[in-house]
Enquirer: 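Have a look at this one.
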Amino acid sequence: MAARLNDKITAALVALGICLLVYISLMSSLLVILIIVALLVVLLTYCEKTGLIDTVFQLMGKNTTLTSVIFGLFIISLPFLVKGNNDLLHIMIIAGIMGIVALGLNFQIGGIGQINFAPAVFYGVGAYTTAYLSVRLGVSPWLGTIAGVCLATLTGVIIGLPALKARGYYLALVTIALQTIFTLMIINIPAVGGPNGIPGIPYYQIFGYSLHSRVEVFGLTLPYQVNYLYLVYIVFALAIVAASRLFKSRYGIAWNAVDQDPVVAATQGINLTSIQLLSFCLGAAFAGMAGALYAHYTGFISNENFDFSQSLILICMVILGGSDNVPGVITGALLLTMIDQKLADYANYRLLMYGLVLIIILLVRSKGLLPKRIRIYGERDTGMSNGDAKLAAGAGGKR
Amino acid sequence: MTNFLKKRSILILACVVVSLSLMSSFLLAGCSSKQSASAKTVKVAFIGPLTGPDASEVVGPKNCFDLAISQANASGKLPYQIQSVYYDDASNAGTAANDAQKIVSDPDIIAVTGFFNSAPCAAAIPIFKNAGIPLVIWGAISKDLTQAANMPYITRVVPTTFQEIQPMATMVTQTMGYKKWAVITSTSTYGQDTLAGFKAGIQGVPGVNIVSVDSIADGTTDFRPVVTKLKSEDIDAVFFGDNLTEAALAVRQMQELGITNVLLTGTSALTDPAYIKAAGTACEGMIVSQSGEDPTLLPNGQAFVAAYNAKYPQGSYGSYGEYAYDSTNIIIAALDGLGANPNPKDLATKIAAINYNGLLGTTTFDANGQTTDKLTTIMVVQDGQFISWDNSQYKTGVRKLPPV
Amino acid sequence: MGSLILSQVFNAIMLACTLALIGIGFSLFFGVMDIVVFCLGDIAIASAFCILGITSLTGVYAALNGIFPMVVSNIILVICGGVFGAILVTVMYHTVVAPFEGKNINASLLSTVAAGYVIRELIGIFYPGGRDPQNFPNLLPTGYLFNNTMLSWRNIIIVGTTVLVLMLLYWFVNRTKAGISIQALSQNKEASIMIGIDWHKMVIVTFLIGGFLLGIAGFLTASYASTLRFDTGSMYGLLGFSVAVVGGLGSIYGALAGSLVIAFVEVFVTGFIPGGAAYSGVAGFLIVVLFIIFRPEGIIGEKSISKV
Amino acid sequence: MLEIKNVSTKYGHLPILMDVSISVARGETVCILGANGAGKTTLLKTIVGMVKPTAGEILFDNELISNLSPHQVVKSGIAICPEREGLFPKMSIESNLFLGAYYETDKNKIQQRFEEVSSIFPWIRRRLRQKAGTLSGGERKMLTLARALMSGPKLILMDEPSLGLAPATVIEVFNVIKKIVNDAQISILLIEQNAQKALDVAQRGYVLQKGSVILEGASKGLCNEDFVQRCYL
């Protein structure tokens, strides 16, 4: 019993530590974030070496309720912690939106092991659909959002189909080509604003309460971003739950099987077509949702928000955080969004920085900050000692 | 046993992380709490691409903005000191929209002046309009930015592309009689806008028609397929709505492929010595229109230039500096008389109705919020230099333009 | 109409020439290394910047002109560009390709894409005025053959150089020991090692040749456009890869065939469809997508692509 | 001539070869028998230098070769006939042969060897321009052998020449091997599962099981060995 309590306290402390790390990096300057990232790399490498990291993951896995309550409280109290600073709230909102897209992208990169270079297309289709419907046709933003998710899913099929035929470099080329076509078409079609984009997208309303109004609590005037922060993080939380469950479900295993060897996977009765399309469609649905949130948050979208460099940033999030690992992807999304937003002061060096950071992380930790973990099915105790698990992991890694 | 030890070490590690983080967060909080308490402030925001590809164009306007604010603060006309704040849109519409959101959620900001590019401006306008913050545009020239629906919040002191192109279009079609036109333009906002402006400019002139329109993505270097096509189309003149580099390449490739007997025309984007350097002899006799005039020739210009040079000895005020200066001064003039606690809505109404006599002459805004003061100059390339049409040898007939 | 089609065909051939060499670069590296280096376009542009830098930033070119006749110093300059490309490719190989060899291809894919960004941004930041378009010096002779505007000496030299390089490459790959070893490596790496081909040496040779090729490709494309922008590398590389895939990845003649297909599609969409200029890029990439879906082995490739 | 002294190798943590010692004298034909997974192919790769031994050393002509890279090993006079897919399928038979003599710069010598090889494999001369990928299984085996001979080797390593061939073709292949064996200049290290055929051509043999040599001796003796009888014959 005492050990159980001890576990709980440890898990809570770890969760608090993570929250504080997020808070500090949010508040501080770019240099501090970079130092934090460097320390994180060292710490994680150390934990990996000693096997601590597995224990931490087990601990967190056992106390999900407790840790998610802590994370939830952190998000709820964040606006007060930052004293209603709209800049910082904006960063967190964008991080949440990017996180949703990255979780969806992870179904392709982490799941079936194919790099899709066009996640920004899904993201853009979601945003453009709802923007078009709500601005040009006056449809309610909520309905527009649903339409956006549906259309993005459909786009998932369109981009997923070539993926059935092509893998590796060929898929990379196909998705880059489709990404380029998407951007060019947006620019060329006046109905979606052409190069001008779509301004004046209406904001969400809940029972007549516009999410774009300021909030007054405890005598503190908070900017309207607070509403969006909560909305985005509710969706983000749902996405996290959905993604984790998916990866633990039979679909997740099927994805990994396809990643390892499609032919063998097919001989095990996995329908390659449907399982690969599923990963693209689900990823697209996540991205479509995020796109709609983004459109109704900023009130303006244009092709620049959904071009190839945006796709590349999204891929970086997944790879740097750790593909096929939900906490890893979230870490990647949070860290990179913060770095990206704080890089605004050094706009000249922004892309150079991205390139260098990506190369360095690939060289130092090719599997990301928080790499993929060995699957643990349910709560079953496999009777494996830690050493065995490590050996198994080692053997698996050699493949 | 080892498991227990591991858990212990995690506990210790977590404690260390948490305590370290707590300490540093208190430190941070201590730092940030210093600057909170102060009296009622009035801020005016400047927004433009302070970084990115157009950054060099905005140095001048930003200095002019500062100059106007400091002159106003020094004069003591207003019962408070105006604070200036800067936002960077990096020529990116998404960034501009975010900036606009930040501006409207700062209750101290009472007015905004800004925008060099049209797309970021278009992105931000609905946000300012909805929040009721007045925006005076000094640089973005797309026609649709100012419209009756946006009044009284959105006004503009710089002529639009339409106003800029109109006199030249009338001159070359009506007066000179060039009939068959081809348009080479860009898929960008600017390119599409100039295309619309040119179409509007030649509308109603009998017998004039546009044979072909080619919108080409920015960054294209090979215009030969398009130029080859023009060669077979027997045209009198070409209008370029592109940016400088693309237009220079297209002009050069036209010369290379032997299309030399057509009139070339373009927009103010080309009135830069770099264009002539890039286009070489191919652009000789090209006619372009430009908004505005040399500030030193304007009535109040000498004082402005003197004040600017005194404050910023190095660096010029750029091609839009005078507009930024006047737009800031219009905001300041409108603030005068609104009391110690001005309200953005009242300010907007006052700006829209203003009759301001400044650097650019007398500025009033029409029903769309567009300035009625439209200065444009038509220029022609003569011996590798831009020369005002009225002073050129082409007007006097010493040199000949391509035949109609 | 006839002459219009002829002129457009000529434009397409010129465009194909600027694409063919970089496509061959992609094919070469894929053939030997089983790897696609995504930053080749940026390397080609960087080489062109090297030539530009020598002529406009240093006095070397003027000094060369003092010693040699114009033609010779121009050739030396082009060779400098080629050597620069070769060095850059070799550096890239050791920093972003070799560490990921034999591991999952996604890592090398991303690292080379990132390397492209690094090269591009380094030019933008450190070359004087690097973010502005630069005028590329006209090193090729001016003037026309038979007073025909299409047959300018520059165009003839571009086509000629492309053909010459192709022929040299053909000779190298099929007639020299190193070339045959490279072919052997591309067909069966393990067996090649077993019969004693020094794999590492061959990789370096490939990179040197490929890099030199890229240097020349960058020079030709910059000369044809007579302008140079730091950010065109990504699109140029993407087109190069497309060309290699459409023609058949790994095949030298395939890259030529692919470049002709892409060039003809782009030029004809621009030239013969009203308002088509805006859609030429879309058409080009659509062809690429269709090829990958329906004929992934490309025009000249063989049916089996089990490698990928 | 070839001395493998107490060699051990590992894939990661997994030991493959344990303390293996094998020797081949000049002109001698030695065969190594072993079931799947006994470590035969690994042994071959270790000799060539594609796998580095974790312990022990390999000498060839009294020179240490276990620290050389593959191309250096091949240069010193060892030729390999890989197990399968050892050819360059899109190249002509001629190019494949030429690649066998990769380190020979003397054109006359190459021509001379080609004459020798084509006397052993007369069909090759008629089909020089044919692509190697279009050959049948038996012909491919022959071509790998011919290619190995082209390098003028002192030692040929053959990895399961009978693998995946029809019985009649196996006989054909082994007839060729016998022809080569008669040439006193070339030693052969033959790795086989077909023990009968292998012991038929070889003078000595080793039996490899789970990474260790468990039996060795002259072919005749091995044939009669109880274990070999039970497992391989």
Side-chain angles (χ1 to χ4, degrees), chain A residues 109-110 113-115 117 158-159 161-185 187-189 194 259 263 308-309 311-312 315-316 318-320 323 348-364 366-368 399, chain C residues 26 30 34-36 38-39 95-96 99-100 103-122 124-126 131 231 234-235 238-239 241-242 244-246 249 275 278-296 305-308:
Chain A
I109 296 182
Q114 300 295 308
I115 293 202
F117 274 94
I158 296 172
I159 295 193
L161 277 176
L164 299 175
K165 289 266 191 174
R167 297 175 68 80
Y169 303 124
Y170 287 85
L171 183 67
L173 181 58
V174 162
T175 48
I176 295 174
L178 286 170
Q179 169 78 60
T180 317
I181 291 175
F182 175 78
T183 315
L184 287 174
M185 288 311 280
I187 293 174
N188 286 340
I189 297 174
D259 174 16
V263 180
F308 180 62
S309 57
S311 280
L312 204 67
I315 293 167
C316 285
V318 175
I319 301 279
L320 295 193
S323 59
N348 233 347
Y349 301 94
R350 185 167 159 256
L351 287 172
L352 179 67
M353 200 70 161
Y354 262 112
L356 286 177
V357 167
L358 185 57
I359 291 174
I360 291 169
I361 299 261
L362 280 173
L363 287 174
V364 178
S366 59
K367 287 179 180 141
R399 288 291 297 153
Chain C
F26 272 96
F30 181 79
D34 231 3
I35 203 167
V36 172
F38 261 101
C39 54
T95 50
V96 298
F100 305 108
K103 291 191 197 159
N104 114 17
I105 62 160
N106 288 345
S108 69
L109 195 71
L110 275 175
S111 68
T112 51
V113 171
Y117 271 87
V118 171
I119 296 176
R120 201 175 313 153
E121 293 300 315
L122 285 178
I125 293 167
F126 291 110
R131 289 196 192 273
D231 55 354
S234 62
M235 187 48 88
L238 194 57
L239 278 173
F241 186 34
S242 305
V245 166
V246 167
L249 201 49
Y279 291 91
S280 68
V282 175
F285 283 114
L286 211 58
I287 291 287
V288 176
V289 173
L290 292 178
F291 255 97
I292 290 180
I293 295 177
F294 295 109
R295 202 180 151 81
I305 49 158
S306 52
K307 269 183 181 174
V308 187

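Proteins get letters first, then strands, A, B, ... in listed order; numbering begins at 1 in each.
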Enquirer: What part of A:Leu362 is in contact with chain C, defined as an atom under 4.5 angstrom from a non-hydrogen atom: side chain, backbone, both or neither?
Expert: both
Enquirer: Taking side chain as everything from C-beta outward and backbone as N, CA, C, O, which of these in A:Ile315 sits under 4.5 Å from a heavy atom of chain C? Side chain, backbone, both or neither.
Expert: side chain
Enquirer: Testing the basics here: between C:Ser108 and A:Tyr169, what is the closest heavy-atom pair and its distance to 0.1 Å?
Expert: OG-OH, 4.0 Å
Enquirer: So for C:Ser280, is it side chain, backbone, both, or neither that comes closer than 4.5 Å to the heavy atoms of chain A?
Expert: neither
Enquirer: Go through A:Val174, A:Leu358, A:Thr175, A:Asn188 and name the one with the most non-hydrogen pairs under 4.5 angstrom from chain C.
Expert: A:Asn188
Enquirer: Walk me through it: do C:Phe241 and A:Ile176 pass the test side-chain contact (heavy atoms from CB on, under 4.5 Å)?
Expert: CA-CA 11 Å; C:Phe241 186 34; A:Ile176 295 174; over 6 Å; no
Enquirer: Examine whether an atom of A:Ser309 lies under 4.5 Å from a heavy atom of chain C, and if so say whether it belongs to the side chain, the backbone or both; otherwise answer neither.
Expert: both
Enquirer: Please classify the contact between C:Val288 and chain A as side chain, backbone, both or neither, with a heavy-atom cut-off of under 4.5 Å.
Expert: side chain
Enquirer: Measure C:Ile125 against the heavy atoms of chain A and call it side chain, backbone, both or neither at under 4.5 Å.
Expert: side chain
Enquirer: Does any backbone or side-chain atom of C:Ala283 lie under 4.5 Å from a heavy atom of chain A? Answer side chain, backbone, both or neither.
Expert: neither
Enquirer: Under 4.5 Å heavy-atom distance to chain C, tell me which part of A:Ile319 shows up: side chain, backbone, both or neither.
Expert: side chain
Enquirer: Using a cut-off of under 4.5 Å on heavy-atom pairs, state which of C:Ile35, C:Val289, C:Leu122 scores highest against chain A.
Expert: C:Ile35
Enquirer: Please determine, among C:Ser242, C:Ser111, C:Ala278, the option with the most heavy-atom pairs under 4.5 Å with chain A.
Expert: C:Ala278
Enquirer: Would you indicate whether the side-chain heavy atoms of A:Leu363 and C:Val96 approach each other to under 4.5 Å?
Expert: no
Enquirer: Where on C:Val282 is there a heavy atom nearer than 4.5 Å to chain A: the side chain, the backbone, both, or neither?
Expert: both
Enquirer: Please flag which part of A:Ile361 lies under 4.5 Å from any non-hydrogen atom of chain C: side chain, backbone, both or neither.
Expert: neither
Enquirer: Looking at every heavy atom in both A:Gly355 and C:Ala114, which two are closest together, and how far apart are they?
Expert: O-CB, 3.7 Å
Enquirer: Can you confirm whether C:Phe285 sits close enough to A:Leu178 that some side-chain heavy atom of one is under 4.5 Å from a side-chain heavy atom of the other?
Expert: no
Enquirer: Report which part of C:Val245 has an atom under 4.5 Å of a heavy atom belonging to chain A: side chain, backbone, both, or neither.
Expert: side chain
Enquirer: Would a 4.5 Å heavy-atom cut-off, applied to side chains only, mark A:Ile359 and C:Thr95 as touching?
Expert: no
Enquirer: Rounded to the nearest 0.5 Å, how far apart are CD1 of A:Ile115 and CG of C:Leu109?
Expert: 5.5 Å
Enquirer: Non-hydrogen atoms of chain A under 4.5 Å away: do they reach the side chain of C:Leu286, the backbone, both or neither?
Expert: both
Enquirer: Between C:Phe38 and A:Phe117, how do the two ring planes meet: parallel, tilted or perpendicular, split at 30° and 60°?
Expert: tilted
Enquirer: Which residue out of A:Ser323, A:Pro162, A:Cys316 racks up the most heavy-atom pairs below 4.5 Å with chain C?
Expert: A:Pro162
